[in-house]
Amino acid sequence: MLEGKKVIIGITGGIAAYKIPLLVRLLVKMKATVKIIMTPAAHGFVTPLTLSTLCGHPVLTDPYDKETGAWNSHVDLGKWADLFLIAPLSANTLAKMAHGQSDNLLLTTYLSAQCPVFFAPAMDLDMYKHPTTQQNITLLQQRGNIFIAPATGELASGLCGEGRMKEPAEILEVIKDHFKKKSDFTNKNILITAGPTREPIDPVRYISNYSSGKMGYAIAEAFADRGANVIIISGPVDLAIHNPRINIVPVTTAGEMLDAVNNLSDNIDVFVMTAAVSDYRPAVVAKQKIKKEDAGEVVLSLKKNKDILAHIGKNKTSKQLVIGFALETENEIDNAIRKLENKNADLIVLNSLNDPGAGFGADTNKISIIDKNGRVKRFSLKGKKEVAQDIVDTVKKIIL
Ligand code: CTP
């Protein structure tokens with residue numbers, strides 16, 4: 001099932017490195033192509049000869065070949081891989097990854113990698129528990145790297161506790177699961193609204209909000225990575241996305257967003273309404289730039305925009321799933337449940353402006369997902385990519 005999959009394993013200096021030959025063997029048996037990068041310290045724990053024999057490729061450590069002077073391109077390696085696993089990951093390399101250091105080939109490849117990065121820390125329990133280590137793990141997670149948590153058990157020091165690298169068979173399952181997920185939304189059509197809308201006041205001014213569109217775009221990528229066809233109806237954002245399975249329909253106003261959603265809603269399986277749609281628009285859009293008046297106060301008359309989520313919720317078929325977002329500042333759960341009911345959504349993703357790291361513009365988010373039965377599932381603060389995966393996993397449980 002891993003035929004054609006290209007995996008890089010980065011090995012750092014830790015006793016658990018002795019288990020990696022078995023993992024390589026398991027991956028190769030499943031027909032994955034495996035390349036290996038070792039830090040200099042890893043050589044003390046497992047030999048490159050063992051590893052290169054098992055994977056069938058030279059094991060790389062230096063940025064260039066000392067005999068020929070040929071460059072071992074970290075850029076090419078980073079582009080080549082479908083998955084980069086760093087196991088065992090020492091506290092030292094973890095810290096370097098978290099802070100952008102790049103003094104060896106493993107680290108430069110990490111910074112160049114275009115594929116999902118999985119990391120499996122292994123260290124003694126006190127090093128593992130240390131706040132620095134924990135913060136570094138959180139930093140990697142917030143950037144979308146996937147954490148393979150260590151197990152609790154006997155450690156090389158003779159102590160017993162948390163810090164043991166997961167067994168090769170367990171790591172293999174994580175890798176298999178990742179590639180299996182990549183096709184679980186094949187033939188599903190997803191429509192996502194994202195970003196802010198802009199409601200013109202006159203030719204040079206508008207009403208809008210701080211939405212960056214990052215959450216909606218991350219959800220689009222998460223669905224597309226798992227095989228879905230995705231349309232983003234996007235308000236003006238400063239984001240680029242290059243994925244053949246994602247089509248972006250740019251719009252400016254709430255009215256344009258509504259029209260685009262209506263035009264494209266046939267055959268949609270899942271609607272995800274992340275857009276921060278302006279609830280109101282100026283009742284009259286001045287044709288010419290409004291000039292300053294002598295009076296100290298200007299009154300702008302506003303008209304209500306149609307609620308796109310409520311409109312889709314009302315008209316959805318029994319096969320369509322509709323997900324709304326709620327950004328709240330008080331009585332969060334009650335307000336979100338009310339929104340779910342009023343707009344006839346199937347799920348509401350709640351984020352609170354009271355949670356540090358959640359809300360507009362941030363690269364992280366902290367969400368709760370509420371369903372029609374009022375069940376609330378709370379998630380921890382994570383990178384928006386990981387949050388997107390949690391949302392996609394929740395949808396999967398309902399529709400697949
Ligand atoms: N939404 C929408 N169309 C609108 C307004 C909101 O589709 N005209 C969607 C948003 O994309 C989001 C959800 O409705 O999925 C909640 O939006 P929010 O602005 O938080 O809720 P409102 O209903 O506008 O309530 P309030 O502003 O009073 O909190």
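Atoms within a ligand are numbered from 1 in the order they appear, just like the ligands themselves.
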Next item on the list: Using a strict cut-off of 4.0 Å, indicate which atoms of ligand 1 neighbour a heavy atom of G324.
Entry: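 What qualifies from ligand 1 is 15 (O).
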Checklist line | Interfacing atoms of ligand 1 (cut-off 4.0 Å, heavy-atom, D279) | finding: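 Going through ligand 1 atom by atom, the ones under 4.0 Å from D279 are 5 (C), 24 (O), 27 (O).
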Can a salt bridge be assigned to the pair [X] and [Y] using a cut-off of 4.0 Å between side-chain N and carboxylate O?
X: K289; Y: D202; value: no
X: E341; Y: R338; value: no
X: D346; Y: K372; value: yes
X: K339; Y: D307; value: no

Notebook entry, point to check: Would K306 count as a contact of ligand 1 if the rule is a heavy atom under 4.0 Å away?
Noted result: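 Within the 4.0 Å threshold, so yes.
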Check: Identify the closest protein heavy atom to atom 3 (N) of ligand 1: which residue and atom is it, and at what distance?
Finding: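 It is I308 N, 3.0 Å.
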Next item on the list: Could you tell me the residue and atom name of the protein heavy atom closest to atom 4 (C) of ligand 1, and the distance to it rounded to 0.1 Å?
Entry: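 Protein heavy atom with the smallest distance to atom 4 (C) of ligand 1: V277 CB, 3.5 Å.
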With nothing but distance in play, are any N or O atoms of [X] less than 3.5 Å from an N or O of ligand 1?
X: M273; answer: yes
X: L309; answer: yes
X: S278; answer: no

Among [options], closest by any non-hydrogen atom to [atom]:
atom: atom 13 (C) of ligand 1; options: Y280, F325, F271; answer: F325
atom: atom 26 (P) of ligand 1; options: K339, R338, K343; answer: K339
atom: atom 11 (O) of ligand 1; options: A275, A336, G255, G216; answer: A275

Next item on the list: Tell me, yes or no, whether the heavy-atom count around N267 atom CG, taken from other residues, nucleotides or ligands under 6.0 Å, exceeds 12.
Entry: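 Result for CG/N267: open.
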Check: Would you call K188 and I399 a side-chain contact if the rule is heavy atoms closer than 4.5 Å?
Finding: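 With C-beta onward as the side chain, the pair touches.
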Margin query: With no hydrogens and no angle check, just 3.5 Å: does a side-chain donor-acceptor pair link S278 and T197?
Written below: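 Judged by distance alone, the side chains do pair up.
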Margin query: For the residue pair Y217 / S234, report whether a side-chain donor-acceptor contact shorter than 3.5 Å exists.
Written below: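 Their side chains do contain a donor-acceptor pair, which is all the 3.5 Å distance test asks for.
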Check: Given the protein's heavy atoms, is any one of them under 4.0 Å from atom 20 (O) of ligand 1?
Finding: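 When distances to the protein are checked, atom 20 (O) of ligand 1 has a heavy atom within 4.0 Å.
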